[in-house]
Amino acid sequence: MSDPEKNATIGSEAGGPGLDFIREAVAEDLRSGRFAYVRTRLPPEPNGWMHIGHAKAFSIDYYVAKDFGGTCNLRFDDTNPAKEDMSYVEAIKRDTFWLGLDCRDRVLFASDYYERMYELAVKLIKKGVAYVDDLSAEQMSEYRGTAVADKNNVTHTPPGRDSPYRNRSVEENLDLFERMRAGEFADGAKTLRAKIDMAHPNLVMRDPPMYRIKREPHYRTGNAWCIYPMYDFQEAMSDAIEGVTHSLCSLEYEIHRPLYDWFIREAEVFPSRQIEFSRLNISHTVLSKRWLLRLVQDGVVSGWDDPRMPTIAGLRRRGYTPEAIRDFLGRIGIAKTDSLVDIQLLEHCLREDLNRRADRVMAVLRPLKLIIENWPAGKVDELEAVNNPEDPSAGARKVPFSGELWIERDDFAEVPPPKYFRLFPGNSVRLRYGYIVTCTGFDKDPATGEVVAVRCTYDPETRGGNAPDNRKVKGTIHWVSAAHAVPMEARLFDHLFVAERPMDVPDGVDWVTTVNPGSLEVLSGYAEPCLASAEPGRSFQFERLGYFCCDPDTRPGAPVFNRSVSLRDTWAKIEKKQA
RNA sequence: UCCCCGGUUGUGUAAUGGUAGCACGGCAGACUCUGGAUCUGCUUGUGGGGGUUCAAAUCCUCCCUGGGGAACCA
């Protein structure tokens with residue numbers, strides 16, 4: 001790595017109006033000389049799957065460093081062996097890099113600093129600002145005090161009480177801490193605590209624990225340690241060890257900042273600066289490891305990578321691109337207000353990205369037979385279709401056309417509603433890239449009354465969809481030649497929750513039960529021949545229907561597609577208004 | 001007021017004492033071989049009251065209101 005100081009830039013665009021408050025603070029720190037360079041870190045705990053909320057936090061860290069010519073570490077905060085695992089490390093790395101946050105050369109682990117942190121803890125003991133306590137967890141909690149509501153519902157925080165072990169001598173504390181490490185005491189029997197102020201109005205500052213005894217094999221250090229640092233001490237020390245200038249985190253840690261600063265001051269280490277921002281909330285979904293875990297465990301979704309999940313793995317499987325996600329994260333901004341971002345913005349970003357890049361194809365999701373009565377028996381026409389009108393370099397392809405086609409059930413109406421300009425008896429539509437046809441009638445199942453086939457005649461002069469007589473045909477519908485169609489499965493998704501804020505449920509209602517029952521719909525349809533060989537992960541636009549991504553469940557000859565997002569559907573709006 | 005942090009159109013964000021702007025959504029129209037895309041227009045906002053000032057979203061003050069805060073989790 002080159003000298004970071006040489007790379008520090010305030011940047012022409014960095015420093016003026018329009019900067020978010022974090023970049024503003026960073027620019028000021030560079031200007032004032034508080035820091036000579038910028039270094040941030042992504043601090044995941046490897047205990048679960050990464051979701052788009054993490055992606056927001058990560059990209060703030062990553063791009064703040066990048067914008068100021070600094071560096072960004074990917075540091076795993078792995079100090080709770082009970083929950084952590086190497087598989088999560090790999091999953092988080094994969095998702096982070098996939099998003100384009102490339103910290104490949106700077107992957108670090110807090111667990112590599114255990115020895116150094118231990119030494120720093122000893123330093124605090126020697127300074128007389130840390131002590132070994134024998135209180136149990138329950139006792140400690142009771143001694144620290146708690147916020148209580150009085151009869152007027154005003155909460156108060158009475159001062160806490162000193163532990164009887166608070167005034168042990170430095171020598172005794174040193175000895176005890178060493179023996180904690182050596183494994184002489186049972187789990188939970190002792191803790192190392194910072195000696196701050198048991199009457200502090202901020203509960204976090206009332207002699208918080210720094211180390212606990214926990215005999216649990218660690219996924220990286222095995223049984224080398226039986227004591228593990230707690231978050232506040234670990235975070236401050238890890239940041240210092242790495243020379244992190246700006247330790248960016250979400251608002252929930254705001255109240256921990258005084259403690260973060262206290263540890264830095266007392267340990268006399270590199271003075272990282274913690275800055276907090278609000279975490280991401282998105283409407284109609286939940287963004288919390290614990291809640292997402294619940295959805296997986298209860299079988300509400302098929303797994304962490306279910307396409308309805310807001311996890312990175314889920315979004316990827318759904319068909320989200322890194323570009324779309326990054327665009328979204330850029331648009332929502334950075335602030336300290338509690339916000340709820342409309343999921344429509346995320347969907348908009350995907351549409352915009354895929355519109356530029358996805359090849360168009362034709363597929364029918366709810367098939368209805370269309371019979372062209374005057375089509376020469378056995379004739380097959382090869383018609384040329386444009387792959388992507390937004391991208392001429394995508395070229396064109398041939399699509400087979402014959403006398404029996406599949407069309408969308410929605411594209412025929414026995415009795416047309418107002419402003420309907422698709423197929424109905426007597427009306428003409430254009431078959432996309434094909435011919436203009438006129439509806440002559442339809443067949444009904446005598447028993448059920450269901451329309452089973454639509455009949456029409458075609459105009460041979462209109463090959464390719466052009467009308468030589470310049471007549472106006474309002475509707476253009478998509479189709480698939482029945483004889484050439486590839487059967488396929490389409491999975492349609494709706495919001496995971498109907499409610500904007502799924503967690504806001506009345507007392508006594510379990511939020512999990514409010515999952516949108518219509519969030520998954522599986523259809524059997526037909527696609528044009530080129531989709532027979534679609535590769536998992538590839539995205540297409542099914543004309544007039546939406547963007548679809550080929551799912552890993554795809555088997556040879558049996559493609560499966562996930563609808564990533566629908567197209568904007570003006571007709572659906574009109575229909576809704578009419579209803 | 002136990003402590004901390006917030007409150008700008010429906011949503012998210014900008015304006016750093018000097019024209020309240022942008023994006024998404026919504027609505028209307030143009031165009032179109034996707035009722036797609038694209039383009040144009042429109043609408044609506046500084047939580048409230050006082051104060052300082054020529055001038056306040058911005059500074060002061062009181063009130064209202066939302067979030068966070070006791071873990072041997074991070």
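Numbers restart at 1 for each chain; the letters A, B, ... are given by sequence-line order, proteins then strands.
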Nearest heavy atom decides the nucleotide; on that basis, is A:Glu543 or A:Phe21 closer to the 5' end of RNA chain B? A:Phe21
Whole-angstrom distance between B:C22 and B:A15, as gauged at atom P: 15 Å
Any Lys/Arg nitrogen of A:Lys398 or A:Glu382 sitting under 4.0 Å from an Asp/Glu carboxylate oxygen of the other? no
Heavy atoms under 4.0 Å is the rule here; annotate nucleotides 69-74 of chain B 5' to 3' with B where the base is hit, S where only the sugar-phosphate is, and - elsewhere. BBSBBB
Tell me which nucleotide, if any, is Watson-Crick or G-U wobble paired with B:U13 when both distances must be under 3.5 Å. B:G21
Look at the aromatic rings of A:Phe177 and A:Tyr118 and report parallel, tilted or perpendicular, splitting at 30° and 60°. parallel
In whole angstrom, what separates A:Asp338's CG from B:U8's C1'? 16 Å
Spacing of the C1' atoms in B:C54 and B:G67 (rounded, Å): 39 Å
Quote, to the nearest angstrom, the P distance that separates B:C42 from B:G21. 12 Å
Once base and sugar-phosphate atoms are separated, protein heavy atoms under 4.0 Å mark nucleotides 20-29 of chain B, 5' to 3', with B, S and - as ---SSSSSS-
Over all strands shown, is A:Tyr420 touching base, sugar-phosphate only, or nothing at heavy-atom distances under 4.0 angstrom? base
Suppose you measure atom C1' in B:U58 against the same atom in B:G51; what distance do you get, rounded to whole Å? 15 Å
If the threshold is 4.0 Å, N to carboxylate O, is there a salt bridge linking A:Glu543 and A:Arg432? yes
Backbone N or O of A:Thr285 within a donor-acceptor pair of the A:His495 side chain at under 3.5 Å? no
With a non-hydrogen cut-off below 4.0 angstrom, is A:Arg206 in contact with a base, only sugar-phosphate, or nothing? nothing
Under 30°, 30 to 60°, or over 60°: which ring-plane class applies to A:Tyr526 and A:Trp406, parallel, tilted or perpendicular? parallel
Strand partner of B:U46, provided both Watson-Crick or wobble distances fall under 3.5 Å: none
Specify the separation, in whole Å, of atom CD1 of A:Ile275 and atom P of B:C5. 15 Å
As its Watson-Crick or G-U partner within any shown strand, both distances under 3.5 Å, B:A71 has none
Pairing partner (Watson-Crick or G-U wobble, both distances under 3.5 angstrom) of B:G6: B:U65
Check this one for me: any side-chain N or O of A:Thr337 less than 4.0 Å away from OP1 or OP2 of B:U13? yes
Looking across every strand, which nucleic acid part, if any, lies under 4.0 Å from A:Leu340 by heavy atom: base, sugar-phosphate, or nothing? sugar-phosphate
Mind checking the C1' distance from B:C59 to B:G17? Whole angstroms is fine. 8 Å
Which value, in whole Å, describes the distance between the C1' atoms of nucleotides B:G7 and B:C39? 37 Å
Below 30° counts as parallel, above 60° as perpendicular, anything between as tilted: where do the rings of A:His218 and A:Tyr228 land? parallel
Base, sugar-phosphate, or nothing for A:Glu142, non-hydrogen atoms under 4.0 angstrom? nothing
Rounded off to whole Å, could you give me the CD1-to-C1' distance for the A:Ile332 and B:G12 pair? 8 Å
Pair assignment for B:A57, Watson-Crick or G-U wobble, requiring both distances under 3.5 Å: none
Categorize A:Leu545 for me: base, sugar-phosphate, or nothing, with a 4.0 angstrom heavy-atom threshold over every strand shown. nothing
Distance-only, no hydrogens or angles: does the A:Asn466 side chain make a donor-acceptor pair with backbone N or O of A:Pro468 under 3.5 Å? no
Passing option when A:Asp133 is tested against A:Arg166, A:Arg144, A:Arg193 for salt bridge (Lys or Arg N to Asp or Glu O under 4.0 Å): A:Arg193
To the nearest angstrom, how far is A:Leu19 atom CG from B:U13 atom C1'? 14 Å
Would you indicate what A:Pro258 reaches in the nucleic acid, counting non-hydrogen atoms under 4.0 angstrom: base, sugar-phosphate, or nothing? nothing
Whole angstrom is fine here: how far is it from NZ in A:Lys474 over to P in B:U34? 12 Å
Rounded C1' spacing from B:G10 to B:G25 in Å: 7 Å
Where does the angle between the aromatic ring planes of A:Phe542 and A:Phe548 fall among parallel (under 30°), tilted (30 to 60°) and perpendicular (over 60°)? parallel
Roughly how many Å is it from NE2 in A:His478 to P in B:A37, rounded to a whole number? 16 Å
Euclidean distance for P, B:U61 against B:G68 (whole angstrom): 26 Å
Identify whether any heavy atom of A:Arg257 sits under 4.0 Å from a base atom; if not, whether one sits that close to sugar-phosphate; answer base, sugar-phosphate or nothing. nothing
Taking the side chain of A:Ala335 as heavy atoms from C-beta outward, which of B:U34, B:U13, B:G67 is closest to it? B:U13
Against the side chain of A:Trp571, the closest entry in B:G35, B:A37, B:U34 is B:G35
Do A:Arg544 and A:Asp410 sit within salt-bridge range, that is, some charged N less than 4.0 Å from a carboxylate O? no
For B:G41, the Watson-Crick or wobble counterpart (both distances under 3.5 Å): B:C27
For the side chain of A:Ser278 and the backbone of A:Asp338, is there at least one donor-acceptor N/O pair under 3.5 Å apart? no
Between atom CD in A:Gln541 and atom C1' in B:U38, what is the gap in whole Å? 14 Å
Contacts satisfying side-chain hydrogen bond (donor to acceptor under 3.5 Å, both in side chains) that involve residues 249-258 of chain A (not counting sequence neighbours) are A:Asp232-A:His256, A:Ser250-A:Glu252, A:Glu252-A:Arg279, A:Glu254-A:Lys336, A:Arg257-A:Glu276
Atom NZ of A:Lys576 to atom C1' of B:G35: distance rounded to whole Å? 16 Å
Between A:Ser339 and A:Ala467, which has a closest nucleotide on RNA chain B that is more 5'? A:Ser339
